[in-house]
K.L.:
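Handing you this structure, nothing more for now.
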Amino acid sequence: MKQEEIRQLFQQFEQVACVSGDVECWSARELCELMGYKLWQNFTKVIEKAKAACSNVGQNIEDHFIDVNKMVSIGSGAVRQIDDIMLTRYACYLVAQNGDPRKPQIAFAQTYFAVQTRRAELVEQRLLEWERVKARTKLKEMKGRLNSGYTSFWS
């Protein structure tokens, strides 16, 4: 895969991501195309495998694969409702892992979601460490104040 193709795919994956509350998610319909699947029916088979993998590790499928309906334009101003699935980062990772690895887009998606997941884990870890350092500092200050008050009481 050429460098320019990788850059384009990266931008496309970033652009179709949406944030709902504090959860980043992707539309399965949009990922279907980005991952090189022409037919939604073929992509839903990959999603079903990903759901099975999710369930097999004890995760709640509904936490990562959220069924939604969308209204889409079908031409001449008419719209119709279609089914879609909002996928968390974890669900996207599972979908990529269960996709056809011969497709360059799937190979890219496997790397993209693995790397992005690791980055998110590192950010979360650093935030937790920062909170722990702040709590320790606060505890140390409080202990210092208590100790200084204790000695002045007995003086």
Side-chain angles (χ1 to χ4, degrees), residues 1-140:
M1 188 174 255
K2 295 179 183 172
Q3 200 66 19
E4 184 54 35
E5 289 175 301
I6 292 171
R7 218 176 322 201
Q8 269 185 331
L9 280 170
F10 181 83
Q11 288 174 348
Q12 290 171 333
F13 276 90
E14 291 288 311
Q15 287 172 351
V16 298
C18 65
V19 178
S20 178
D22 62 346
V23 177
E24 194 174 23
C25 54
W26 285 260
S27 159
R29 291 271 182 177
E30 291 174 348
L31 283 183
C32 176
E33 215 174 293
L34 283 178
M35 290 188 177
Y37 286 86
K38 291 185 177 27
L39 298 175
W40 173 247
Q41 292 79 5
N42 292 340
F43 194 60
T44 57
K45 293 174 187 172
V46 175
I47 292 172
E48 290 306 313
K49 288 180 183 178
K51 285 181 177 181
C54 182
S55 176
N56 287 340
V57 295
Q59 291 288 317
N60 186 357
I61 293 171
E62 291 78 25
D63 290 345
H64 300 284
F65 298 82
I66 300 99
D67 293 325
V68 295
N69 295 311
K70 284 184 173 180
M71 299 303 285
V72 295
S73 177
I74 58 172
S76 68
V79 293
R80 73 177 173 110
Q81 183 175 305
I82 62 168
D83 295 331
D84 197 358
I85 305 167
M86 297 309 291
L87 307 168
T88 64
R89 179 183 304 279
Y90 178 64
C92 290
Y93 173 78
L94 292 175
V95 168
Q97 294 303 312
N98 284 282
D100 182 353
R102 295 172 296 185
K103 293 178 180 290
Q105 299 94 327
I106 289 291
F108 172 80
Q110 289 172 340
T111 302
Y112 174 84
F113 285 108
V115 169
Q116 296 296 42
T117 299
R118 183 64 183 141
R119 282 183 182 163
E121 289 170 348
L122 290 172
V123 166
E124 185 177 340
Q125 180 183 2
R126 287 185 182 135
L127 288 173
L128 289 172
E129 287 170 359
W130 172 250
E131 290 298 321
R132 193 169 53 244
V133 167
K134 281 182 15 183
R136 279 188 196 162
T137 303
K138 190 174 181 179
L139 181 63
K140 185 177 177 182

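Here, residue 1 is the first one in the sequence, and each next residue gets the next number. Only a predicted model underlies this, so the values are computations on that prediction, with no experimental measurement involved.
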K.L.:
Testing the basics here: between Asn98 and Ala53, what is the closest heavy-atom pair and its distance to 0.1 Å?
P.N.:
ND2-CB, 4.3 Å
K.L.:
Rounded to the nearest 0.5 Å, what's the gap from SG on Cys54 to CD1 on Ile61? Could you check?
P.N.:
5.5 Å
K.L.:
Once salt bridge (charged side-chain N to carboxylate O under 4.0 Å, His left out) is applied, do any residues pair with Arg80, and if so which ones, sequence neighbours excluded?
P.N.:
none
K.L.:
If you round to the nearest 0.5 Å, how far is CG of Leu87 from NE2 of His64?
P.N.:
11.0 Å
K.L.:
About how many Å separate CE of Met35 and SG of Cys92, when rounded to the nearest 0.5 Å?
P.N.:
6.0 Å
K.L.:
Listing request: all salt bridge (charged side-chain N to carboxylate O under 4.0 Å, His left out) pairs with a residue in residues 37-54, at least two apart in sequence or in separate chains.
P.N.:
Glu48-Lys51
K.L.:
Quick one, Phe43 and Leu31 - any side-chain contact, counting heavy atoms below 4.5 Å?
P.N.:
yes
K.L.:
Atom CG in Leu34, atom CH2 in Trp26: separation rounded to 0.5 Å?
P.N.:
11.5 Å
K.L.:
Would you give the length of the straight line joining atom CG of Asp100 to atom OH of Tyr37, rounded to the nearest 0.5 angstrom?
P.N.:
5.0 Å
K.L.:
Measuring from atom CZ of Arg29 to atom CE of Met86, what distance do you get when rounded to the nearest 0.5 angstrom?
P.N.:
12.5 Å
K.L.:
Which atom names give the shortest non-hydrogen contact between Pro101 and Ala107, and what distance separates them?
P.N.:
O-CB, 4.5 Å
K.L.:
Output a table of donor-acceptor pairs, distance under 3.5 Å, between side-chain atoms of residues 65-72 and any protein atom two or more places apart or on a different chain; print 'none' if there are none.
P.N.:
residue: Lys70; atom: NZ; partner: Ser27; partner atom: OG; Å: 3.0
residue: Lys70; atom: NZ; partner: Asp84; partner atom: OD2; Å: 2.9

K.L.:
Could you tell me whether a side-chain N or O of Thr44 sits under 3.5 Å from a main-chain N or O of Gln41, the two making a donor and an acceptor?
P.N.:
yes
K.L.:
Does some side-chain heavy atom of Ile47 sit less than 4.5 Å from a side-chain heavy atom of Ile85?
P.N.:
yes
